[in-house]
Number of protein chains: 2
Amino acid sequence: MKVTIYDVAEKAGVSIATVSKVINNTGRISEKTRKKVQEVMTQLNYQPSMVASALTRKRTGTIGLLVPDIANPFFAEVARSFEDCAQKLGFGLVICSTDGKDEKANLYLSLLMRKQVDGLIIASYIKETALVEQMLKEKIPVVLFTIDIPTLGINSVSVDDYKGGFQATSYLLSLGHKHIGVIAEDISRSYHRVQGYKEAIIRAGMNLNESNIIYTTAAIENGKMVARQLLQRKEDRPTAIFACNDLLAIGAIEEARKLGINIPEELSIIGFDNTILAEIANPTLTSVSQPIKEMANQAMTVLLEEIENEQTSKQRTLMLPELVIRNSTAPI
Amino acid sequence: MKVTIYDVAEKAGVSIATVSKVINNTGRISEKTRKKVQEVMTQLNYQPSMVASALTRKRTGTIGLLVPDIANPFFAEVARSFEDCAQKLGFGLVICSTDGKDEKANLYLSLLMRKQVDGLIIASYIKETALVEQMLKEKIPVVLFTIDIPTLGINSVSVDDYKGGFQATSYLLSLGHKHIGVIAEDISRSYHRVQGYKEAIIRAGMNLNESNIIYTTAAIENGKMVARQLLQRKEDRPTAIFACNDLLAIGAIEEARKLGINIPEELSIIGFDNTILAEIANPTLTSVSQPIKEMANQAMTVLLEEIENEQTSKQRTLMLPELVIRNSTAPI
DNA sequence: ATGAAAGCGCTAACAG
DNA sequence: CTGTTAGCGCTTTCAT
């Protein structure tokens, strides 16, 4: 049988209340009994049950993380960062891949509520937010990560996508490119990146051609398809492509190669997220980097704040992106 | 206040026992009361507390997954596969990245014990197994994944690493390569892959040169370093390299490029794991593929078996690897 | 400084 | 078919 607080109490000749106090370092305990109890605890390999304590304290020591897909390198990195934060604080992280589907998200949300997670990080866009709102109503802290769901009015931390798109485009413009295609994602994250692109184009005094922006879903295959569309144009064929994430950019690289177009000599490509893929691609991919670790830290700090302090004012944190220049971009 | 079973019982005009029964579909309940109760539950948005039920049933509905690093694409895929299995069964998955360090593993192991996970998948090699043994003693089912810790004598599922190494090497030999270097990992996983390599060499009637096998730790940088050692040899410079995982193989590719060695014309490279990196590398990487999804399914099945049936006989499952041929290999 | 006792929300006999 | 009741292992007043 698993050893319980009773076993410890008995063997140490004290009450369970006393044991509880030394476990949690609460109340006043004489140095002598504390030592005695601790001794017995290690002797018995006692591991206090978090489920029992959760029942009374309303704290489970677990937080949930919703991502589109943990197998996507970007979110794998995100998960790792959160895991590290959580670990330091003694929390467990339960991972939930939604595949971007509300249905799956809801399944997970429900599971997380029943599990009574202490907090929730949402990094996967959700349309139908009823369950999230229910969690909010039950005072479960939630912070949005790399996404925004304005209707929720809750904490969020993201990179400044707008600025990222602006930087990427400006860099391409500075290289002399006049025709810059965009492979965008059909989600809000991408929206601001595209806005940044537009702003850069307009500020440069060039005329914006909406047909240069094509929307799709994050996947290498889709990057290829869209790149083909862009590159097979008879006129105004882009000399540079800004892809709203690395997966898409990689697809574009592969497609360009297939079409016999040299990168970066004939075509510059910029990605977003600066995942491990950017380093591995050939040529290595210039990409807009998000400070994932810092962002995760910030998100956790905010979450913890809410967990401890019940009510705090909501904040939206935007971190600065950074353009990492590699070999997929060159002057025209 | 969170709605509890009492609220439901009261509003439905029944006892909490009855509500419990309809929640769990146990005992016999008249269709009428069942309906009534269910009605009230949805009306109240009632979410049964898993922590309360865990306390009595000794089942938390969570399983732990120990991996070296969730940010490593291979383990990200592994995690995703387990997550899918777990999800279907209504379990939550808590992810633990050990970085291959016993210290971290132990921290997590302790957390998982306190959380009273229903089962544990270990995919990260552990030297000091005291805590794992304690879990075993407490009857917590454990299955090893892609590793083996013979002293533990518990269930495990892996790919047949030996065969994978054999296949990769045989393929290289069939291509006419006489000098095949190996970039190995300094962990058990790699050991069998190297054994397979040796067997293939010997069976081909060639003489085994131990100095062709160099051990290191999984990371692109290390792949580069070792590849350089191998490729800068004055004599017996390998015309092919078998890397014990894709990360290492990618490093080798990059180093070869830096040295001006053409792949696959002058040097063939084979990786292991067939991660997304293999598809993205340039040239695309020939790699030994592990049927991750099937392996995860099998591991979960075994784990579940143990969770349900207390005692079952231990088994070691070996799945067949498959060589995926891409563009990093060619006849000499 | 320590302990007794009342829960936390739910499950599982056992009665009825 | 439904309800009563005794825990599950721990935290937390409140006495002592």
Side-chain angles (χ1 to χ4, degrees), chain A residues 1-38 40-41 44-62 90 111 113-118 138-140, chain B residues 1-38 40-41 44-62 90 111 113-118 138-140:
Chain A
M1 224 34 258
K2 201 177 177 318
V3 16
T4 73
I5 199 171
Y6 288 95
D7 303 320
V8 177
E10 186 177 0
K11 184 150 186 185
V14 299
S15 74
I16 60 167
T18 303
V19 177
S20 174
K21 278 166 194 150
V22 354
I23 294 172
N24 301 295
N25 237 306
T26 57
R28 12 190 89 271
I29 300 289
S30 76
E31 203 41 51
K32 195 171 144 220
T33 41
R34 170 190 312 288
K35 256 205 158 152
K36 175 69 185 161
V37 170
Q38 277 167 337
V40 174
M41 290 200 298
L44 263 39
N45 279 321
Y46 172 63
Q47 305 270 18
S49 160
M50 293 186 82
V51 356
S53 94
L55 192 54
T56 59
R57 295 210 310 163
K58 271 88 194 63
R59 287 280 225 98
T60 54
T62 112
L111 179 67
M113 295 185 71
R114 279 175 287 140
K115 276 195 172 312
Q116 260 136 259
V117 293
D118 296 333
E138 289 178 17
K139 302 293 178 219
I140 300 171
Chain B
M1 224 33 259
K2 202 176 176 321
V3 16
T4 74
I5 200 171
Y6 288 96
D7 303 320
V8 176
E10 185 177 1
K11 183 148 187 190
V14 297
S15 74
I16 60 166
T18 303
V19 177
S20 175
K21 279 166 194 150
V22 352
I23 292 172
N24 301 294
N25 238 304
T26 59
R28 11 192 88 274
I29 299 287
S30 76
E31 205 39 52
K32 195 171 145 221
T33 40
R34 169 188 314 287
K35 256 204 155 152
K36 175 67 184 165
V37 170
Q38 277 167 337
V40 174
M41 291 199 301
L44 261 39
N45 278 322
Y46 171 62
Q47 305 270 19
S49 161
M50 293 186 81
V51 358
S53 96
L55 193 55
T56 60
R57 294 210 311 160
K58 272 85 192 66
R59 288 278 228 96
T60 53
T62 112
L111 179 67
M113 295 184 72
R114 277 175 287 139
K115 275 193 172 314
Q116 260 137 261
V117 292
D118 296 333
E138 290 179 16
K139 302 292 180 218
I140 300 171

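Note that the coordinates shown come from a computational prediction; the quantities given were computed from them, not determined experimentally. Throughout, protein chains are lettered first and strands after them, A, B, ... in sequence-line order, and every chain is numbered starting at 1.
Counting non-hydrogen atoms under 4.0 angstrom, Ser20(A) reaches a base of the nucleic acid. In this structure, Val51(A) reaches neither bases nor backbone, as no heavy-atom distance under 4.0 Å exists between it and the strands shown. Among the atoms of the strands shown, only primed sugar atoms or phosphate atoms (P, OP1, OP2) are found under 4.0 Å from some heavy atom of Val14(A).
The nearest whole Å value for the distance from the CE atom in Met41(A) to the C1' atom in dG9(D) is 15 Å. In this entry the distance linking CZ of Arg28(A) with P of dT2(C) reads 11 Å, nearest Å. Look at CG on Asp7(A): it is 11 Å from P on dC8(D), rounded to the nearest Å. Between the CE atom of Met113(B) and the P atom of dG9(D) there is a distance of 14 Å, rounded to whole Å. Rounded to whole Å, the distance from CD1 on Ile5(A) to C1' on dG7(D) is 16 Å. Between Arg59(B) atom CZ and dC8(D) atom C1' the separation is 16 Å, expressed in whole Å. At whole-Å resolution of the value, CD1 in Ile16(B) and P in dG9(C) are 11 Å apart. If you take NZ of Lys58(A) and C1' of dC10(D), they are 12 Å apart, rounded to a whole angstrom.
Considering only side-chain N and O atoms, Tyr6(A) lies nowhere under 4.0 angstrom from the phosphate OP1 or OP2 of dG3(C). In terms of phosphate contacts, Thr18(B) brings a side-chain nitrogen or oxygen within less than 4.0 Å of OP1 or OP2 of dG3(D). Regarding contacts with the backbone of dG3(D), a side-chain N or O of Ser15(B) is found under 4.0 angstrom from either OP1 or OP2. In terms of phosphate contacts, Thr33(A) brings a side-chain nitrogen or oxygen within less than 4.0 Å of OP1 or OP2 of dT2(C).
Along DNA chain D, the nucleotide nearest to Glu31(B) and the one nearest to Gln116(B) differ in position, and the one closer to the 5' end is contacted by Glu31(B). Place Met50(A) and Ser30(B) on DNA chain D by their nearest nucleotides, and Ser30(B) ends up nearer the 5' end.
Side-chain atoms of Arg34(A) and Asn25(A), non-hydrogen and from C-beta on, do get closer than 4.5 Å to each other. Put simply, the side chain of Val51(B) does not reach to within 4.5 Å of the side chain of Met50(A), judged on heavy atoms. Counting heavy atoms from C-beta outward, Lys2(A) and Lys58(B) have side chains that stay 4.5 Å or more apart. In this structure the side chain of Met41(A) reaches within 4.5 angstrom of the side chain of Ile23(A), judged on heavy atoms.
Of the candidates dG7(C), dC8(D), dT2(C), dT2(C) carries the atom nearest the Ile29(A) side chain, counting heavy atoms from C-beta on. Taking the side chain of Ala52(B) as heavy atoms from C-beta on, and the options dT12(D), dG9(C), dT11(D), the nearest nucleotide is dG9(C). In this structure, the nucleotide among dT2(C), dA12(C), dC10(C) sitting nearest to the side chain of Arg57(B) is dA12(C).
Residue-to-nucleotide contacts include a donor-acceptor pair under 3.5 Å from the side chain of Lys21(A) to the base of dG3(C).
More than 12 heavy atoms of other residues, nucleotides or ligands lie within 6.0 Å of CD in Glu138(B), so this atom counts as buried by the packing criterion.
When the options Val22(A), Val19(A), Val14(A) are evaluated for a side-chain contact (heavy atoms from CB on, under 4.5 Å) with Val8(A), the one that passes is Val19(A).
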